[in-house]
Amino acid sequence: MRIATFNVNSITARLPRLLAWLESSGTDVVCVQETKCSEAQFPYEQLRELGYEAAVNATGRWNGVALISKVGLEDVVRGLPGGPEYEGVEEPRAISATCGGVRLWSVYVPNGREVEHDHYGYKLDWFRALTAAVAEDAAGPRPFAVLGDYNVAPTDEDVYDPAVFAGLTHVTPAERAALEALRGAGLSDVVPRPLKYDRPYTYWDYRQLAFPKNRGMRIDLVYGNEPFAKAVTDAYVDREERKGKGASDHAPVVVDLALDA
DNA sequence: ATGACTACCGCAGGTAGA
């Protein structure tokens, strides 16, 4: 089974490329972030024509997550149970379901904006709620993974130049400690292969030729429990999908699993 | 190369991304 996580930066803007990529890559399940649409605007029909069903948690122009699967989509849970609100709103940043026997979450962790900003505290609170919400499945016997845009680079190796990020969100000790807590719950970082260069970046800013210069970050992560990690046969960043006209600023992370019958 | 982002909402430019 081939699964993936992909921050599409608007599923409406990305739809032609997303549909072509689903077909060419043979992806069975993709965890999508930043749909940037309402549920009514979600392209269910175009996906259905390719054999995919979708579960969506989206409310409008910001955020939004989905699970798109052609191997089943059962026991859907929208949102992060016990998660914090931001400015009185429960934002659409999580959805989970069982696809082909694997329990999967698609998450879009809050950005944090600046270390002094309320959004940063919200981000850390969101991580705490996520860790609590996944603890039981993380420790369980069923293959389980949380995939998505974590908005944290796990180590200094995961940014093109640590000096550029000094004092900024995405690299602070508290954010990295939040990832460590998630690992403490029984999940491990499934690190993908880069298909070019030496580091598996997943995001490159649109500006200043960041992609051709490979000024990237690894912030789209796959955190799986032990049964999941044992089933992984390959993982890679599909950087081809970051190229050319109409690309997202993120590339998909693809994971191949060999599951028992 | 004296410049070098994209998307949303909505009709200008503010907000957001990381």
Practice task
Decide if the gap between the ring center of A:Tyr150 and the ring center of A:Tyr108 is smaller than 6.0 angstrom.
Solution key: no
Problem - hydrophobic_cluster_shared for A:Val8 and A:Leu47, side chain cutoff 4.5 Å - result: yes
Practice task
Tell me who clusters with A:Leu124, hydrophobic residues only, linked when side chains sit under 4.5 Å apart either directly or through other members.
Solution key: A:Val115, A:Tyr120
Check nucleotides 1-6 of chain B for protein N or O atoms closer than 3.5 Å to its own N or O atoms and list the pairs.
from	atom 1	to	atom 2	distance (Å)
B:dC5	O4'	A:Tyr206	O	3.2
B:dC5	O4'	A:Arg207	N	3.4

Exercise for the section: Please state the C1' separation for the pair B:dT6 and B:dA18 - nearest whole angstrom. Expected result: 13 Å
Problem - Any residue meeting ring pair (Phe, Tyr, Trp, His ring centres under 6.0 Å) with A:Tyr44, in chain and number order, not counting sequence neighbours - result: A:Phe42
Atom pairs and distances, side-chain donor-acceptor, residues 94-101 of chain A, under 3.5 Å, sequence neighbours left out:
from	atom 1	to	atom 2	distance (Å)
A:Ser96	OG	A:Arg103	NH2	3.3
A:Thr98	OG1	A:Arg103	NH1	2.9

Practice task
Could you list by number each residue of residues 214-222 of chain A showing a heavy-atom separation from DNA chain B of less than 4.0 Å, or answer none if no residue does?
Solution key: A:Met217, A:Ile219
Fill in the blank from the handout: Atom CD of A:Glu114 and atom C1' of B:dG17 are separated, to the nearest Å, by 12 Å
Problem - Flag, side chain of A:Asp137 to backbone of A:Val134, donor-acceptor distance under 3.5 Å - result: no
Exercise for the section: List, by chain and then residue number, the residues other than A:Val77 in its hydrophobic cluster (Ile/Leu/Val/Met/Phe/Trp/Tyr, side-chain heavy atoms under 4.5 Å); write none if there are no others. Expected result: none
Problem - A:Tyr86 side-chain N/O to B:dA16 phosphate OP1/OP2 under 4.0 Å - result: no
Handout entry: Residue-phosphate contact under 4.0 Å: A:His119 side-chain N/O, B:dA18 OP1/OP2
Key = no
Practice task
Kindly state each residue pair satisfying side-chain hydrogen bond (donor to acceptor under 3.5 Å, both in side chains) with at least one member in residues 75-91 of chain A, sequence neighbours excluded.
Solution key: A:Glu91-A:Arg93, A:Glu91-A:Tyr122
Exercise for the section: Choose from B:dA18, B:dA7, B:dG17 the nucleotide whose nearest atom is closest to any side-chain atom of A:Arg93. Expected result: B:dG17
Exercise for the section: Take atom C1' in B:dA7 and the same atom in B:dA12, then report the distance between them in whole Å. Expected result: 15 Å
Problem - Rounded distance (Å) that lies between atom C1' of B:dA7 and atom CD of A:Gln33 - result: 17 Å
Exercise for the section: Using whole Å, report how far CG of A:Leu168 lies from C1' of B:dA18. Expected result: 9 Å
Problem - Nearest-nucleotide comparison on DNA chain B, the residue closer to the 5′ end among A:Gly60 and A:Arg113 - result: A:Gly60
Completion exercise
Assign each of A:Gln41 and A:Asn111 the nucleotide of DNA chain B bearing its closest heavy atom; nearer the 5' end lies the nucleotide of A:Gln41
Exercise for the section: Taking only heavy atoms on the protein side, list every residue of residues 146-167 of chain A lying under 4.0 Å from any atom of DNA chain B, sorted numerically. Expected result: A:Asp149, A:Asn151
Exercise for the section: Please list, chain by chain and in numerical order, all residues satisfying side-chain contact (heavy atoms from CB on, under 4.5 Å) with A:Pro92, sequence neighbours excluded. Expected result: A:Asn57, A:Thr59, A:Asn63
Handout entry: For atom CH2 of A:Trp62 and atom P of B:dC9, their distance in whole Å
Key = 9 Å
Practice task
Identify, with sequence neighbours excluded, every residue that meets ring pair (Phe, Tyr, Trp, His ring centres under 6.0 Å) alongside A:Phe211.
Solution key: A:Trp204
Completion exercise
Here the distance between atom P of B:dA7 and atom CG of A:Asn63, to the nearest Å, is 17 Å
Handout entry: Those residues that, when tested against A:Ala178, pass side-chain contact (heavy atoms from CB on, under 4.5 Å) (two or more places apart)
Key = A:Phe127
Exercise for the section: Check which hydrophobic residues are tied to A:Tyr206 through side-chain heavy-atom contacts below 4.5 Å, counting indirect links as well, and list them. Expected result: none
Handout entry: Whole-Å distance separating the CD atom of A:Glu87 from the C1' atom of B:dA16
Key = 13 Å
Handout entry: Nearest-Å distance for atom pair OH/C1', residues A:Tyr203 and B:dA18
Key = 5 Å
Handout entry: Separation between the P atoms of B:dT15 and B:dG10, rounded to whole Å
Key = 15 Å
Exercise for the section: Would you kindly give the CD-to-C1' distance between A:Glu91 and B:dA16, to the nearest whole Å? Expected result: 11 Å
